[in-house]
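Okay, so here's the structure we're looking at.
Only this structure's heavy atoms are used, side chains among them; waters, hydrogens and symmetry mates stay out.
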There are 2 protein chains.
Amino acid sequence: MGSKERIARLKEETRMNILDASLEIVKEEGWQSLSMRKIADRIEYTAPIIYEYFQNKEGILLELTRQGYIILAREIRAARGQHVEPAVQLEAMWTAYWDFAFKYKELYQLMYGVDMNCCELKKRMPEADLADEQIYDVIEQLITVKNRSEDFVCRKFYTFWSIIHGLISINLVNKGRNEEMNQRILKDAIKGIIKYINE
Amino acid sequence: MGSKERIARLKEETRMNILDASLEIVKEEGWQSLSMRKIADRIEYTAPIIYEYFQNKEGILLELTRQGYIILAREIRAARGQHVEPAVQLEAMWTAYWDFAFKYKELYQLMYGVDMNCCELKKRMPEADLADEQIYDVIEQLITVKNRSEDFVCRKFYTFWSIIHGLISINLVNKGRNEEMNQRILKDAIKGIIKYINE
DNA sequence: ATAAATAATTTAACACTGTTAAGCAAAGGT
DNA sequence: ACCTTTGCTTAACAGTGTTAAATTATTTAT
């Protein structure tokens, strides 16, 4: 009765086909545009079939999320394995994290709730700069070394912004964190960046 | 002919009602659940009316985004105004940024593309910790001072993670940034955190 | 005041979405 | 041969954004 196994293998294959098709569609058209019927089209079935392999659409997303975490862990482990000194290891690991985010950006989006819709119109919104300008202004005052490039100021700005936005995002997505710890991380980071702002 | 103005005022009022209703719905049920018909229900009209005030649904979101930026700028300006020394100003401004993000979290989400759906299931996903554990491990090796609390390691981890995730998010949402600058920000930040990891 | 014109609002429809239930056709077992 | 199970599709439901047509209300002109 090897046909049982053959069938199970085929089932496993279409399950993977569903996941592959989903990721393909997302790569081509974005998450917003992923639909059950489009997936069904690619795997040459009709939509209801998918519900024999996944509980619902979110089930597919959840499985892709899971795969993302696995790939990320693999890449980070590999990065670590190429070095021995912890400081070097750590830098390589975070670099691997960075590379993963852009190599598998669709998965990263899914894993960490980074929505990337409608940027064209937002970019042209002058109000978006109102806050930034203020902060730029103060940062420039803090930089005492003369003739710093505009790039330098920009880098400092993004360093601040990144850590704050990152911490906020992490807290908004995985809500219910340690507020006291957040405040310490935030204050420490800000003080740290200000302290060595001229380097 | 003051009726013209009265009508204009009424129109402006329902325009604002649409925006208010939208935000209310989002606060109660999340962005995912915002629909034109629900908005219409709240303002006691039918859906097509909304299209006389906004080009489409995205038009509403865009206007809310705009309002968000304006509020944020106002709060940051106020924070700055309460201090004179730049270093203190800057910390207060970033704190205002932080506070804004949570006080107006729905707007922050919209402005910076922070998606916060389906966390319950993701949190219970063991694969999500695979990468984190590795990094935790190396961070612990880097901390030479004995008897550091688990909290301390955790804080360092989140400091790393925040800046990297923040920078990634910013790049994914506002795509097409300066890759060289990103690398410098990233490397500098990582080196900086490692350097003062025992403080 | 009545008729015509204009504005305001709704209803109906279209093409989608996720999802479920019913139907059908082929295969397997007895 | 019949019955049951399996695989798959069609049809349907309730919802989405959006548009065009129909309807109602209001204003304007005669």
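The listed nucleotides are D/dT19, C/dT19, D/dT9; the one nearest the side chain of B/Tyr51 is D/dT19. The side chain of A/Pro48 lies closest to D/dT9, out of C/dT10, C/dT17, D/dT9.
Going from atom CD1 of A/Ile49 over to atom P of C/dG18 covers 16 Å, rounded to whole Å. A straight line from CD of A/Glu44 to C1' of D/dC8 spans 14 Å, rounded to a whole angstrom. Rounded to whole Å, atom C1' of D/dT10 lies 16 Å from atom CD1 of A/Ile50. Rounded to whole Å, atom P of D/dT18 lies 10 Å from atom CD1 of B/Ile39. Across the protein-nucleic acid pair, B/Glu52 atom CD and C/dT10 atom P stand 10 Å apart, rounded to whole Å. Summarising the geometry, the separation between OH on B/Tyr45 and P on D/dT23 is reported as 21 Å, rounded to the nearest angstrom. Spacing between atom NZ of B/Lys57 and atom P of D/dG15 amounts to 15 Å, rounded to whole angstrom units. In this structure, CD of A/Gln32 is placed 16 Å from P of C/dC16, rounded to the nearest angstrom.
Side-chain N/O atoms of B/Arg37 and base N/O atoms of D/dG15 include no donor-acceptor pair closer than 3.5 Å.
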Subject >> Test side chain to side chain contact (heavy atoms under 4.5 Å, CB included) applied to B/Val153 and B/Lys156, step by step >> reply: CA-CA 5 Å; B/Val153 185; B/Lys156 295 298 170 185; 5.7 Å; no
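Figure legend: B/Arg155 and B/Phe152 shown without cation-pi pairing, the cationic atom not lying both under 6.0 angstrom from the six-membered ring centre and within 45 degrees of its axis.
Under a 3.5 Å cut-off, the side chain of A/Ser35 and the backbone N or O of A/Lys38 do form a donor-acceptor pair.
At a threshold of 4.0 angstrom between heavy atoms, the contacts of B/Leu34 are confined to the sugar-phosphate backbone, with no base atom among them.
A centroid separation of 6.0 Å or more is found between the aromatic rings of B/Tyr108 and B/Phe102.
Residue-to-nucleotide proximity on DNA chain C shows that, of B/Thr46 and A/Met36, the 5′-proximal contact is made by B/Thr46.
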